[in-house]
Amino acid sequence: MSVRVRFAPSPTGNVHIGNIRAAIFNWLFARHAEGRFLLRVEDTDRERSTPEAIRTLLECMAWLGLDYDEPETYQSRQTARHLALAETLLQRGLAYREAKGGGDECVVFRMPKEGRLEFIDLVKGRMRKQAADTQDFVIVRSNGTPVFHLANVADDIDMKITHVIRGDDHVENTFKHIELFRALGAPVPQYAHLPMIVNQQGKPYSKRDGAAFVGEFRDQGYLPEALFNFLLLLGWAPGDDREVLTREEMVALFTLDRCKSSAARFDLKKLVWMNGEYIRRLPRERFTEEFVRRVEAAGLATDGADLPGIIGQMQVRTKFFREIPDSCAYFFTEAYAFDPQGVEKRLKPAGVPETLEEVAAAYATLPAFTPDAAHAALNALAEARGSGLGALVHPVRVAVSGLTEGPGLFEMLALLGRDRVCARLRTVAARLRDHQL
RNA sequence: GCGCCCAUCGUCUAUCGGUUAGGACACAAGGUUUUCAUCCUUGGAAGCGGAGUUCGACUCUCCGUGGGCGCGCCA
């Protein structure tokens with residue numbers, strides 16, 4: 001029997017990372033087993049399930065590369081089917097009508113009253129519970145609408161779902177659902193319950209803890225592959241020391257028995273690191289394309305710049321594309337901004353203007369302006385002055401780039417070119433004297 | 001309250017009775033130019049407690065403790 005799994009979110013406008021992780025695990029499980037991954041929109045809450053919300057959901061799926069193998073289905077369209085099944089249950093005496101609280105009658109499903117209920121959870125192992133500890137539950141409201149449990153199980157039956165992989169807040173429901181499958185004469189799927197994602201305090205991760213929705217991560221500049229990989233590592237590990245995996249590796253390696261059953265804390269720092277890893281691994285052309293787009297969007301022109309050289313330095317240090325205009329402006333314009341703290345610390349001390357001019361003079365006479373030559377020249381200067389190299393490196397960096405950090409100074413200088421470097425050093429020296437900085 | 005589940009460095013995790021308990025993030029120190037966002041090296045850092053089972057337990061069992069989830073005519 002071939003594997004069929006589904007992701008069954010209720011479209012409430014935003015897709016929570018806990019939810020999308022369930023989608024990721026389902027998708028990987030299906031792809032690994034060469035089975036089918038389906039999407040069922042549980043849109044029975046008509047209030048919140050707006051077309052807009054559904055579109056957002058579909059966008060998030062596409063963004064993460066979670067493609068599904070059959071057209072998505074909508075639970076709200078199956079109401080008649082759900083009610084028919086409830087009717088069957090009623091006729092077989094497996095459910096009964098009851099008027100709770102004096103209102104109209106609702107339909108209640110009968111749970112076993114004795115014995116033990118149990119199932120094997122593919123990640124948590126054997127789960128058991130005394131029947132006496134369960135209760136009958138409503139499957140059709142007195143207003144005539146089906147309740148989640150009925151709708152969920154009915155749709156799983158109709159979609160021939162073989163494995164239900166979902167958050168472990170559903171473990172208790174599973175005892176109910178299994179009885180429903182049996183009562184409806186359908187084969188019971190296998191279950192796998194995934195641990196929750198929690199915050200630094202160990203509480204369920206929510207929007208109060210920062211970005212909690214897929215769309216927010218996208219908007220903040222995270223790459224879908226990075227978020228996907230990071231979320232996968234929350235509760236699953238390949239068994240060896242690999243952490244950054246290609247989609248193919250994930251598919252090949254993913255199995256439910258390697259899933260952990262304890263909650264995982266969401267560690268933003270590691271996600272940031274992961275994002276940097278994915279940016280670094282981007283094909284050079286793709287990084288370049290995005291780089292240029294960002295730079296130009298900031299009103300800067302890249303003509304004349306040594307783009308390949310700049311990219312070579314910047315790709316490995318970029319954690320977010322949005323940082324690019326600010327971190328690289330000095331490569332493309334003379335109107336680059338100065339970091340106030342850098343100016344204060346590196347340019348304001350007495351003697352800096354003279355130092356910058358000395359460096360400019362030394363550089364002007366160099367036969368070739370290469371990183372090594374620029375380095376050697378500064379070394380010679382430092383020695384002549386009896387000062388450390390740092391006394392030259394820092395002011396020069398800030399003068400030339402406006403920043404206190406960036407690529408190796410001499411690589412950066414070579415990339416800028418002798419003319420621009422010397423001009424900037426002199427200009428900054430003059431501005432310092434005129435108190436213009 | 002009742003039921004169920006969970007428990008390895010600060011964090012994510014490896015280990016499926018025998019390891020100096022490994023890796024990654026983060027942190028610290030050093031080096032890479034007295035820069036840094038890269039790179040290299042090094043370091044600190046863990047089996048919740050108590051009983052058992054066993055020649056031998058992080059690993060198996062039980063009891064505590066702590067945490068989470070569930071107990072809706074929400075999903």
Side-chain angles (χ1 to χ4, degrees), chain A residues 8-10 12 42-45 48 75 98-101 103-108 121 124-125 127-130 132-135 137-149 151-152 167-176 193 195-196 198 200-204 230 233-244 257-258 260-274 276-277 280 312-320 323 327 342 346 371 374-375 378-379 382 387-398 401 403-412:
Chain A
S10 51
T12 54
E42 302 211 332
D43 59 342
T44 48
D45 183 340
R48 296 193 294 172
Q75 189 160 68
E98 184 178 276
K100 291 184 176 179
D104 293 329
E105 288 187 324
C106 58
V107 180
V108 182
D121 189 285
K124 288 178 182 290
M127 308 288 280
R128 41 174 82 174
K129 198 178 180 76
Q130 294 300 323
D133 290 326
T134 68
Q135 291 181 328
F137 57 95
V138 175
I139 54 175
V140 179
R141 299 185 188 89
S142 53
N143 69 4
T145 58
V147 168
F148 162 74
H149 304 295
N152 192 266
D168 73 4
D169 47 332
H170 280 298
V171 289
E172 302 289 331
N173 290 335
T174 305
F175 293 103
K176 299 178 181 177
H193 287 95
M196 318 201 73
V198 299
Q200 290 310 308
Q201 288 70 245
K203 305 288 182 192
F230 174 76
L233 259 24
L234 252 33
W236 180 87
D240 54 32
D241 289 336
R242 280 180 289 179
E243 294 208 310
V244 180
D257 60 12
R258 294 210 61 83
K260 280 211 22 160
S261 51
S262 54
R265 268 165 229 254
F266 187 90
D267 181 9
L268 193 62
K269 291 220 173 111
K270 188 149 186 176
L271 209 209
V272 170
W273 165 79
M274 184 74 79
E277 288 301 303
R280 157 202 302 273
Q313 288 294 326
M314 297 310 297
Q315 181 164 6
V316 295
R317 313 168 193 264
T318 300
K319 292 277 191 289
F320 293 99
E323 297 169 345
S327 65
R346 306 298 189 188
H375 187 180
L378 270 209
N379 267 336
S387 70
L389 190 59
L392 300 175
V393 163
H394 297 285
V396 169
R397 170 185 292 282
V398 176
S401 72
L403 305 174
T404 57
E405 52 191 28
L409 177 64
F410 303 111
E411 284 71 26
M412 179 211 281

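Every chain is numbered from 1 and lettered A, B, ... according to where its sequence line falls, protein lines coming before strand lines.
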Side chain of Glu42(A) - closest among C4(B), A75(B), G68(B): A75(B)
Sugar-phosphate only, base, or nothing, as touched by Gly239(A) at under 4.0 Å among non-hydrogen atoms: sugar-phosphate
Touch class at under 4.0 angstrom, heavy-atom based, for Pro407(A) against every strand present: base
N or O in side chain of Arg397(A) less than 4.0 angstrom from A37(B) OP1/OP2: no
Touch class at under 4.0 angstrom, heavy-atom based, for Gly406(A) against every strand present: base
Spatial distance of atom NZ (Lys129(A)) from atom CZ (Phe175(A)) [nearest 0.5 Å]: 6.0 Å
Phe137(A) and His149(A) aromatic ring geometry - parallel, tilted or perpendicular at 30°/60° bounds: perpendicular
Closest listed nucleotide, where the reference is the side chain of Lys260(A) and the choices are U35(B), U8(B), A75(B): U8(B)
Pairing partner of C39(B) (Watson-Crick or G-U wobble, both distances under 3.5 Å): G31(B)
Separation of Lys260(A) NZ from Trp236(A) CH2 (nearest 0.5 Å): 14.5 Å
Sugar-phosphate, base or nothing in reach of Gln313(A), heavy atoms under 4.0 Å: nothing
Sugar-phosphate only, base, or nothing, as touched by Leu389(A) at under 4.0 Å among non-hydrogen atoms: base
Pairwise C1' distance for A37(B) and G43(B), with rounding to whole Å: 23 Å
Heavy-atom donor-acceptor pair, Ser142(A) side-chain to C73(B) base, under 3.5 Å: yes
Contact under 4.0 Å: Arg265(A) side-chain N or O vs C6(B) OP1/OP2: no
Sugar-phosphate only, base, or nothing, as touched by His149(A) at under 4.0 Å among non-hydrogen atoms: base
side-chain N/O Arg141(A) vs G72(B) OP1/OP2, d < 4.0 Å: no
Touch class at under 4.0 angstrom, heavy-atom based, for Met196(A) against every strand present: sugar-phosphate
d(NZ, Lys124(A); P, A7(B)) in whole Å: 8 Å
Closest to the Glu405(A) side chain, choosing from G10(B), G23(B), A37(B): A37(B)
Derivation and outcome, side-chain hydrogen bond (donor to acceptor under 3.5 Å, both in side chains), residues Thr404(A) and His394(A): CA-CA 7 Å; Thr404(A) 57; His394(A) 297 285; over 6 Å; no
Ser327(A) side chain to Glu323(A) backbone, donor-acceptor under 3.5 Å: yes
Heavy-atom donor-acceptor pair, Ser401(A) side chain to Leu403(A) backbone, under 3.5 Å: yes
Side chain Gln130(A) and base G3(B) donor-acceptor under 3.5 Å: no
Any strand: nucleotide that pairs with A7(B) via Watson-Crick or wobble, under 3.5 Å: U65(B)
His375(A) vs Leu234(A), nearer the 5' end of RNA chain B by closest nucleotide: Leu234(A)
Pair partner, G44(B) [Watson-Crick or wobble, under 3.5 Å]: none
Below 4.0 Å: OP1/OP2 of U38(B) and any side-chain N or O of Lys319(A): yes
Atom pair CG (Asp169(A)) and NE2 (His193(A)), whose distance is rounded to the nearest 0.5 Å: 8.0 Å
Sugar-phosphate only, base, or nothing, as touched by Asn152(A) at under 4.0 Å among non-hydrogen atoms: nothing
C1' spacing across the pair U41(B) / U53(B), given as an integer number of angstrom: 45 Å
Pairwise C1' distance, C27(B) and G44(B) [rounded to whole Å]: 9 Å
Candidates U34(B), A75(B), C6(B) - which lies nearest the side chain of Phe148(A): A75(B)
Exam field: side chain Arg317(A) to backbone Gln313(A), donor-acceptor pair closer than 3.5 Å: yes
Nearest-Å distance for atom pair CG/P, residues Leu403(A) and U38(B): 16 Å
Sugar-phosphate, base or nothing in reach of Leu409(A), heavy atoms under 4.0 Å: base
Closest-nucleotide ordering on RNA chain B, the 5'-leading residue of Thr44(A) and Ala391(A): Ala391(A)
Watson-Crick or G-U wobble mate for C55(B), both contacts under 3.5 Å: G18(B)
Proximal nucleotide (of A37(B), C25(B), G68(B)) relative to the Trp273(A) side chain: C25(B)
Sugar-phosphate, base or nothing in reach of Val316(A), heavy atoms under 4.0 Å: sugar-phosphate
Given A14(B), C12(B), U38(B), the nucleotide with the shortest approach to the side chain of Arg317(A): U38(B)
Among G23(B), C69(B), A26(B), the one nearest Asp241(A) by side-chain distance: G23(B)
Atom C1', compared across C6(B) and G22(B): separation rounded to whole Å: 23 Å
From Phe148(A) atom CZ to Gln75(A) atom CD, the distance as rounded to the nearest 0.5 Å: 8.0 Å
Sugar-phosphate, base or nothing in reach of Phe410(A), heavy atoms under 4.0 Å: base
Residue matched to G1(B) through Watson-Crick or wobble contacts both under 3.5 angstrom: C71(B)
Pair of N/O donor and acceptor under 3.5 Å linking C4(B) base with Arg128(A) side chain: no
Any N/O donor-acceptor pair, Lys270(A) side-chain to A24(B) base, under 3.5 Å: yes
Touch class at under 4.0 angstrom, heavy-atom based, for Gly276(A) against every strand present: nothing
C12(B) phosphate, OP1 or OP2, under 4.0 Å from Arg242(A) side-chain N/O: no
Donor/acceptor link under 3.5 angstrom from Glu243(A) side chain onto base of G23(B): yes
Atom-pair distance (CZ on Arg258(A); P on C12(B)), nearest Å: 17 Å
Between P of U13(B) and CG of Leu271(A), the distance in whole Å: 14 Å
Sugar-phosphate, base or nothing in reach of Thr134(A), heavy atoms under 4.0 Å: nothing
